[in-house]
Each structure stands twice: as structure tokens, then as C-alpha cells.
Colleague: 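Mind having a look at this structure? Questions to follow.
Order of appearance sets the numbers: ligands from 1, and atoms from 1 within every ligand.
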Amino acid sequence: MISYFKYEVRDFFLMNDNSHIDSSLRTVEWKDNKVVMIDQTKLPNQLVFVEYDDFNQVADAIRTLVVRGAPAIGVSGAFGLALAALQSKASTKEELIGDLEKAKKILFETRPTAVNLKWGLEQIMKVANEGNNVNEIKELVVKTAKKMAEEDVQTNMAMGKHGSGLFDDNDTIMTHCNAGALATVAYGTALGVIRATKESGKKIKVIATETRPVQQGSRLTAFELKHDGIDVSLIPDTAVGYTMAKGLVHKVVVGADRILRTGHVFNKIGTYQVALIAKQHGIPFYVAAPLSTFDLQSNPEDVVIEQRNGSEVTGIGDKKTAPDGINVINPAFDMTPPELISGIITEKGIAKAPFGESIKKLFEAN
Ligand code: MRU
């Protein structure tokens with residue numbers, strides 16, 4: 001693995017005149033038969049790129065949150081399999097498929113909740129099985145993974161267009177976690193909708209929750225939006241009720257890691273609380289996610305919620321904030337039921353209650 005320091009974020013701001021995200025910047029991309037990613041664990045202080053030529057390194061990057069966010073994980077999984085294909089010494093199609101199946105298992109087990117990972121891996125296995133020989137398969141999987149990355153950006157932009165009509169001039173929009181450019185290849189899902197609303201000429205403000213324990217809200221969302229010149233205020237997660245009760249929030253938009261056919265939404269821990277408080281105050285609560293985030297097979301009780309290391313809760317950064325030996329419960333995601341959701345924005349349109357029917361229609365039209 002090569003890690004190369006690019007800029008102090010301060011320098012990066014200056015380079016870009018502090019007015020817009022460099023549109024060529026990608027969270028994850030394929031370059032010269034390597035996978036290049038922004039190391040998100042270093043943000044917001046440093047913009048560091050890491051370069052991988054081994055699928056095991058990509059698996060580690062997903063596990064340790066170097067790359068995170070459901071769509072970004074999906075594309076990273078696909079790129080990981082493309083690396084596995086290039087690494088393979090197989091001389092027959094059967095041997096190569098065997099190597100890819102082994103790599104798929106390792107990549108799949110890195111994070112269990114975001115369904116985009118499974119989706120990305122399965123897309124690659126499908127084209128690999130269609131190839132006739134080793135060289136053709138290698139070519140096909142690299143081409144398909146690169147295409148998936150490009151399509152992710154187009155999908156987010158289409159989602160943004162559909163979603164921007166839901167927001168009005170002078171709205172203040174709350175978001176939780178990071179469903180932005182950094183959670184996708186570029187542009188973002190929930191933050192893509194916010195970007196598209198701004199691009200449509202409406203004046204908007206954003207309230208970003210800090211999103212403990214890993215602080216994707218303060219480290220990533222606040223960074224992205226500030227960099228993009230969008231008016232953003234950061235709040236501790238505990239101030240969601242206060243800001244809503246004070247009338248400071250007009251609408252909420254968040255991303256998703258998995259959406260079931262019933263409209264149950266799995267997203268970053270704390271999303272359920274935000275949705276409940278929004279309901280209490282009559283504030284519309286929207287979810288923005290591509291069709292690749294839908295899991296039409298599972299029931300709510302089938303979905304595995306990732307439990308992360310307790311050290312994320314017993315400290316902030318390197319600073320210990322809890323007594324030694326304390327028991328910790330640290331689920332990474334929770335489930336928001338459909339009755340708290342006003343609409344689900346996708347690249348194909350907006351699903352509304354009853355979600356069973358509207359989600360089915362989106363897929364039938366696809
Ligand atoms: O643990 P993370 O940072 O991968 O969790 C990310 C989220 O929960 C996002 O809201 C979700 O993946 C949607 S990203 C477009």
C-alpha cells in the first residue's frame with residue numbers, strides 16, 4: 001500500500017479558491033490498475049490519498065473506515081474484486097472464478113449492513129461468469145467496475161434533480177452522518193439533493209449533526225458543505241430536539257445503508273431518533289438512496305446490524321473519555337420504520353407511502 005500526503009486541508013481550500021469542490025476529485029477511483037481512495041480517517045485535517053494493488057488492502061480499508069458510506073463501499077468492493085482478478089495466477093476460467101469467489105467472501109465480510117457492498121460484488125461476479133477465458137474476464141471485470149463508478153455519479157445527480165423539488169427557498173435542512181460526495185464516488189445522495197437544491201437557485205441552510213461516535217457529521221459533512229460554500233451549522237447529536245422544537249429545522253434528509261421493500265430504512269445510528277423527533281414536530285423526513293441500496297428480499301429481523309469496537313465510544317480521537325473496563329454497546333446502524341418517513345428519493349423518482357406499492361413501481365419501471 002502506498003499512502004501519499006497531498007495537502008494540508010488549508011492549502012487545498014486555497015488551491016480551490018474556497019468556492020467549490022474540485023469536480024475531478026473522486027472518493028474512490030481506478031488509476032493505472034490500482035485503487036486510489038481518499039483516506040477519510042484523516043479528514044478534516046489532511047487530504048491523504050491511499051493507493052492499493054491488493055484486494056486484501058481494499059478489504060482492510062472498508063473495515064477500518066478509510067472508505068465508508070454505502071455507495072462508496074459498493075464501488076470499492078467492485079474495485080477490490082477487479083484487483084483480485086488482476087492478482088490471480090489462474091490459467092483457466094474455473095480457477096479464476098474460484099479465486100474471485102474467495103476474494104468476494106473476504107470483501108463481503110468487511111461490513112454487514114450496507115447492501116450496496118453485496119450488490120457491487122454480485123455485479124462483478126455476474127460479468128466474470130459471462131467471460132469466456134481468463135484474459136477476457138480480467139478485462140470485463142475492470143471495465144465493469146469502472147463503469148459502476150461513473151454510473152454512481154450520474155445516479156446521484158439524477159437523485160438530486162428528483163429531490164430538489166421537495167425543498168423550498170429559505171429552507172433549513174437537517175442531515176445526519178455523511179451521505180455526501182465522500183460516501184459515494186462523487187456528489188452524494190442526501191448531500192447531492194442538497195447540492196441540487198442550491199444549484200436550482202434556492203437559498204438553503206444546513207444543520208449537520210456531529211454523529212457520534214465516529215463523527216462523520218463533523219469530520220466529513222461539515223467539511224464537504226463548508227468547502228462547497230453551503231451555509232452549514234454543526235450541532236451535537238443531543239441538540240436535535242432543541243433545534244426542532246425551536247423551529248430551526250424545516251426538513252430532514254438522510255442517506256441509507258439498506259431499504260427494505262416495506263420502506264424500513266437502515267442508516268447510521270441515531271437516524272431513528274432524528275426521525276422520531278421530526279415526527280413529533282411535524283417536520284418532513286426524507287431519505288435519499290439509489291436503487292442499489294434496496295434489499296427487496298429481507299425482512300427487518302434478517303438484517304445484521306454491525307456492532308463496532310467499544311473504543312469508538314470510550315474515547316474521542318486519542319483522548320479517553322470513559323473509565324477502563326466499561327461495557328459498551330456500539331451498534332453502527334438503526335432502523336427507521338416507514339411511518340416516520342415522508343418520502344424516499346431515488347434516481348428513478350420519489351417513493352411515498354404506502355411504500356410497499358410505490359417501491360414496487362419504481363423497480364417495475366426500471
Ligand atoms: O458507518 P458509515 O460511515 O459507513 O455509515 C454511513 C451511513 O450511514 C450513510 O448515511 C449511508 O451509508 C448512506 S451514504 C450515501
Colleague: I need the nearest protein heavy-atom contact for atom 15 (C) of ligand 1: residue, atom name and distance, please.
Modeller: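 Of the protein heavy atoms, T189 OG1, 3.1 Å lies nearest.
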Colleague: Give the numbers and elements of all ligand 1 atoms closer than 4.0 Å to a heavy atom of A179.
Modeller: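 The atoms of ligand 1 under 4.0 Å from a heavy atom of A179 are 14 (S), 15 (C).
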Colleague: Check this for me - ligand 1, Q216, N or O atoms closer than 3.5 angstrom, yes or no?
Modeller: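 It does: an N or O of Q216 is found under 3.5 Å from an N or O of ligand 1.
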Colleague: Under 30°, 30 to 60°, or over 60°: which ring-plane class applies to F79 and W30, parallel, tilted or perpendicular?
Modeller: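 If you compare the ring of F79 with that of W30, the planes turn out tilted.
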Colleague: Give the atom numbers and elements of ligand 1 that come within less than 4.0 Å of a heavy atom of K268.
Modeller: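 Listed by number with element, the hits are 1 (O), 2 (P), 5 (O), 8 (O).
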Colleague: If I apply the N/O under 3.5 Å rule, does G69 come out as touching ligand 1?
Modeller: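 Yes, G69 has an N/O under 3.5 Å of an N/O on ligand 1.
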Colleague: Which of the atoms of ligand 1 are close to D257, meaning less than 4.0 Å from one of its heavy atoms?
Modeller: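 Matching atoms, with element in brackets: 7 (C), 8 (O), 9 (C), 11 (C), 12 (O).
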Colleague: For P71, take its heavy atoms, then give the atoms of ligand 1 lying under 4.0 Å from any of them.
Modeller: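 Selected atoms, number and element: 14 (S), 15 (C).
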Colleague: Give me the residue, atom name and distance of the protein heavy atom closest to atom 6 (C) of ligand 1.
Modeller: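 So the nearest neighbour among protein heavy atoms is R68 NH2, 3.5 Å.
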Colleague: Kindly say whether A59 contributes a backbone atom to a donor-acceptor pair with the side chain of T110 at under 3.5 angstrom?
Modeller: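 Not at all, since once roles are kept as given, no pair shorter than 3.5 Å links the two residues.
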Colleague: Find all atoms of ligand 1 within a distance of less than 4.0 Å from any non-hydrogen atom belonging to A183, and give their numbers and elements.
Modeller: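 Checking each atom against A183, I get 14 (S), 15 (C).
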Colleague: In this structure, does ligand 1 have an atom that sits under 4.0 Å from one of the heavy atoms of C177?
Modeller: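 It does, in that a heavy atom of C177 comes within the 4.0 Å cut-off of ligand 1.
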Colleague: Output yes when the distance from some N or O of ligand 1 to some N or O of T184 is under 3.5 Å, and no in every other case.
Modeller: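 So ligand 1 has no N or O lying under 3.5 Å from an N or O of T184.
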Colleague: Determine whether the side chains of N56 and D54 contain a donor N or O and an acceptor N or O closer than 3.5 Å.
Modeller: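 N56 vs D54: donor-acceptor pair found between side chains.
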Colleague: For M174 and I235, what are the C-alpha separation, side-chain angles and deciding distance, and is it a side chain to side chain contact (heavy atoms under 4.5 Å, CB included)?
Modeller: CA-CA 10 Å; M174 179 177 281; I235 58 163; 3.7 Å; yes
Colleague: Would you say ligand 1 has an N or O under 3.5 Å from any N or O of A70?
Modeller: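 Yes, at least one N or O pair falls under 3.5 Å.
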Colleague: Measuring from the heavy atoms of A256, does anything fall under 4.0 Å of ligand 1?
Modeller: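 Distance cut 4.0 Å: A256 passes for ligand 1.
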Colleague: Could you go through L276 and Q280, starting from their C-alpha distance and side-chain angles, then the distance that decides it, and tell me whether this counts as side chain to side chain contact (heavy atoms under 4.5 Å, CB included)?
Modeller: CA-CA 6 Å; L276 274 172; Q280 167 75 8; over 6 Å; no
Colleague: Return the closest protein heavy atom for atom 2 (P) of ligand 1 as residue, atom name and distance.
Modeller: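 For atom 2 (P) of ligand 1, the nearest protein heavy atom comes out as R111 NH1, 3.6 Å.
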Colleague: So if I count the atoms of ligand 1 from 1 in the order they appear, which ones are less than 4.0 Å from some heavy atom of N267?
Modeller: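 Within the 4.0 Å cut-off of N267, ligand 1 contributes 7 (C), 8 (O), 9 (C), 10 (O), 11 (C).
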Colleague: Stepwise, does the side chain to side chain donor-acceptor pair (under 3.5 Å) test hold for N116 with S292?
Modeller: CA-CA 6 Å; N116 302 60; S292 53; 3.3 Å; yes
Colleague: Is the Y286-F167 ring centre distance short of 6.0 angstrom?
Modeller: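 Distance test on ring centres: under 6.0 Å, yes.
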Colleague: Answer yes or no: is there a donor N or O on one side and an acceptor on the other, between the side chain of Q40 and the main chain of L65, under 3.5 Å?
Modeller: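 Judged by distance alone, no pair lies under 3.5 Å.
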Colleague: Short question: side chain of E312, backbone of N330 - any donor-acceptor pair under 3.5 Å?
Modeller: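 Checked: no pair found.
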Colleague: Testing T271, I259, T293, I345 one by one against V287 for a side chain to side chain contact (heavy atoms under 4.5 Å, CB included), which residue passes?
Modeller: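 Only one option passes, and that is I259.
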